[in-house]
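The structure appears below as structure tokens.
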Amino acid sequence: MKEKCKPGVMLDCSRGAVYTVPAIQKFIDLIAQMGYGSLQLYTEDVYTLEGEPYFGYMRGRYSEDELRSLDAYAAEQGIELIPCIQTLAHLGGITRWGYPYGAVTDNADILLAGEERTYELIDKMFAACARCFKSRRINIGMDEAHTVGLGKYLDKHGYQNRFDILAKHLGRVSEIAKKYGFRPMMWSDMFFRLATHGIYTAEAIDDEVFRSVSALIPENVDLVYWDYYSKDEANYDMMLRAHKKLKERIVFAGGAWSWSGFAPCNGFSVAASRAAVSACEKNGVQDIFFTVWKDDGSESSLFSILPSLFCAAEYCAGNFDEKKIHARFEKLIGIAWDDYMALDLPNLRDERNEIENACKYMLYSDPFLGIFDRTVDPTKKILFTEAKQAIEKSASDSRFGYLFRTLADLCAVLEIKYDLGVRTRELYRNHNMDGLCQLLSDYTECECRVETFYESFRDQWDREAKGFGFERIDVRLGGLMQRLRHCRKVLEKYLSGELMSIEELEQDVLPFGETPDGQSISHNHWLSTATILCS
């Protein structure tokens with residue numbers, strides 16, 4: 001890499017939290033100082049379209065004035081603000097409405113390809129972006145549309161080759177992009193999977209297939225190879241070389257893991273970014289950005305992944321000296337590297353340095369159902385106390401102390417709740433009535449600590465995001481408090497003799513898939529954590 005690249009960041013503003021203009025301005029200030037050159041705002045339907053009142057309805061959508069003000073502010077800091085939208089899938093925010101978007105919905109969250117009303121809507125998307133952003137680069141999404149053509153499209157046209165559908169749709173979208181002077185980029189997985197028979201890997205490359213797939217990609221569309229999951233440079237090298245068989249000009253997207261619950265995974269992100277950037281340099285790929293997704297409710301702070309972003313920028317600048325990186329981080333942020341990295345601790349990640357998020361699934365895990373209780377190692381409970389103490393060291397910081405306070409309060413909950421279900425079932429199955437009587441105070445204390453955590457989390461949200469989206473948190477944490485209260489009252493009835501048995505506790509807890517007992521996992525889906533119900 002002759003010239004060191006100036007990377008970018010992609011910020012998810014669509015999965016719950018729609019970040020306020022002041023919060024994004026603060027974020028822009030920081031990434032500009034780190035050496036970034038661009039910021040993509042990932043907005044599925046959280047921006048305003050003329051004549052489309054249901055687009056972003058009750059989702060906290062940005063007004064055009066807000067986006068223009070952010071665009072101007074970013075430019076002042078040397079940051080190119082790039083729209084990042086969706087033009088095929090991931091549009092559940094609008095496809096949920098039977099009116100007026102039923103006519104442009106194929107199935108699930110996917111638009112109906114080939115329908116003129118669909119392209120009228122997409123035209124409005126580009127028109128809005130053209131009015132609000134000076135940049136003429138745009139990310140058009142197009143990822144994970146796995147069931148395209150299998151809903152209303154199938155009813156109207158019969159079964160068609162789904163990649164032909166995708167290619168024709170992309171052709172229409174790329175023409176609309178040209179109309180407004182945009183050069184689009186899109187996530188590569190749909191075309192790449194076509195070349196590799198449905199898998200996002202390059203272990204068996206058929207050059208002839210790659211050439212035929214490459215011919216389907218419009219000249220003005222750049223492919224984004226995204227990969228946040230590997231710490232192996234050889235994997236990135238292999239995939240980059242394979243992508244270049246589809247298109248010479250490749251964009252790479254890594255990840256700053258902030259989307260697996262309340263706590264970040266900076267340690268994993270740093271390791272993955274180091275490997276990815278090294279492979280990009282080896283393959284001459286200079287167009288790089290790092291995603292900050294917010295899957296399943298935007299539960300982590302916007303600023304929790306500053307170590308990940310800082311390291312990634314330093315790697316792109318050619319600095320791989322960890323000692324120097326840590327010193328520069330402290331100088332910029334005002335908090336020592338190790339103290340900031342304490343935010344990772346609630347996840348109970350071990351020496352394997354994999355993605356694990358015990359602090360999410362064991363917070364929401366039902367103490368009577370015990371879905372995840374086989375993953376619990378009671379000897380690890382002390383780690384939440386240690387994490388709380390380490391995190392509290394930075395809770396008084398004037399800029400970022402509030403997010404440390406939030407995770408310290410979460411650890412205080414998990415000091416009790418992590419193995420609460422295990423202890424409840426064990427005491428019940430052993431008919432230890434005295435033990436169950438004593439356990440009632442843990443339920444009461446846990447309820448109080450959840451309330452404290454709720455207040456600190458609400459403060460964090462209010463500092464960073466609009467009010468829209470917090471209703472989901474109210475449902476989750478309010479439901480957790482009520483469930484703890486309910487379980488405590490059931491135990492009281494059992495202890496008083498009003499109940500002869502507790503059906504849920506009579507059930508044996510089965511292993512969680514093939515996970516060994518006592519090993520933490522990654523599970524980032526609130527609904528399937530809190531209940532057995534599928535819908």
Side-chain angles (χ1 to χ4, degrees), residues 7-12 15 40 42 89-90 139 141-146 186-193 195-205 223-243 246 250-261 263-283 285 288-296 299-300 304-305 307-309 311-312 315-316 344 347-361 512-515 519-525:
V9 178
M10 187 225 75
L11 177 60
D12 185 347
R15 305 298 181 87
Q40 296 184 30
Y42 178 73
H90 290 295
N139 190 326
M142 292 266 188
D143 57 315
E144 297 179 330
H146 301 303
M186 63 171 283
W187 309 107
S188 71
D189 55 289
M190 295 302 290
F191 279 111
F192 199 89
R193 290 175 195 275
T196 57
H197 306 289
I199 55 176
Y200 202 38
T201 183
E203 293 178 354
I205 299 174
L223 291 186
V224 182
Y225 159 42
W226 56 269
D227 194 340
Y228 337 119
Y229 299 97
S230 178
K231 297 174 290 183
D232 182 5
E233 182 179 336
N235 174 75
Y236 293 107
D237 179 60
M238 175 181 64
M239 289 292 285
L240 285 166
R241 285 187 285 109
H243 272 81
L246 288 176
I250 293 296
V251 181
F252 175 75
W257 275 81
S258 60
W259 60 88
S260 58
C265 296
N266 284 302
F268 182 92
S269 302
V270 167
S273 294
R274 187 182 184 98
V277 171
S278 295
C280 284
E281 183 170 359
K282 179 179 177 181
N283 286 276
V285 174
I288 301 172
F289 66 94
F290 296 91
T291 60
V292 182
W293 293 110
K294 291 291 179 180
D295 298 14
D296 200 48
E299 291 166 324
S300 68
S304 64
I305 38 70
S308 298
L309 294 178
C311 268
Y315 296 154
C316 288
D344 282 20
N347 283 324
L348 295 190
R349 293 170 59 249
D350 57 27
E351 66 279 355
R352 296 175 302 136
N353 192 22
E354 299 297 335
I355 299 297
E356 296 166 356
N357 62 341
C359 69
K360 175 168 182 171
Y361 64 81
F512 190 80
E514 297 180 349
T515 303
Q519 180 175 299
S520 296
I521 60 170
S522 174
H523 188 83
N524 191 36
H525 187 242

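Computed over heavy atoms, backbone and side chain alike; hydrogens, waters and symmetry mates excluded.
Separating the CG atom in Asp295 from the NE2 atom in His525 is a distance of 10.5 Å, to the nearest 0.5 Å. Interatomic distance, Asp344 CG to Ile305 CD1, rounded to the nearest 0.5 Å: 11.5 Å. Arg274 CZ to Glu233 CD: the interatomic distance, rounded to the nearest 0.5 Å, is 9.5 Å.
Listed by chain and number, the residues in a side-chain hydrogen bond (donor to acceptor under 3.5 Å, both in side chains) with Trp187 amount to none (sequence neighbours excluded). Every residue two or more places apart in sequence or in another chain was checked for a ring-ring contact (aromatic ring centres under 6.0 Å, His included) with Phe191, and none qualifies.
With a 4.5 Å cut-off on side-chain heavy atoms, Tyr315 and Val270 count as touching. In this structure, the side chains of Asn235 and Asp227 come closer than 4.5 Å at one or more pairs of heavy atoms. Between His90 and Glu144, the closest side-chain pair of non-hydrogen atoms falls below 4.5 Å. Taking the side chain as every heavy atom from C-beta outward, Phe290 and Ser308 never approach each other to under 4.5 Å. Counting heavy atoms from C-beta on, the side chains of Lys282 and Leu240 never come closer than 4.5 Å.
Considering every non-hydrogen atom in both Ala253 and Thr291, the closest pair reads CB-CG2, 4.2 Å. The nearest pair of heavy atoms linking Ala272 to Tyr228 is CB-O, 4.5 Å. Considering every non-hydrogen atom in both Cys280 and Ile288, the closest pair reads CB-CD1, 3.7 Å. For Asp296 against Lys360, the heavy-atom pair with the smallest separation is OD2-NZ, 2.5 Å. Closest heavy-atom contact between Ala358 and Leu348: CB-CD1, 3.9 Å.
Using cut-offs of 30° and 60° for the angle between ring planes, the Tyr200 and Trp226 rings count as tilted.
At a cut-off of 3.5 Å, with distance as the only test, no side-chain donor of Trp259 or Asn524 sits close to an acceptor on the other residue.
Less than 6.0 angstrom separates the ring centroid of Tyr229 from the ring centroid of Trp257.
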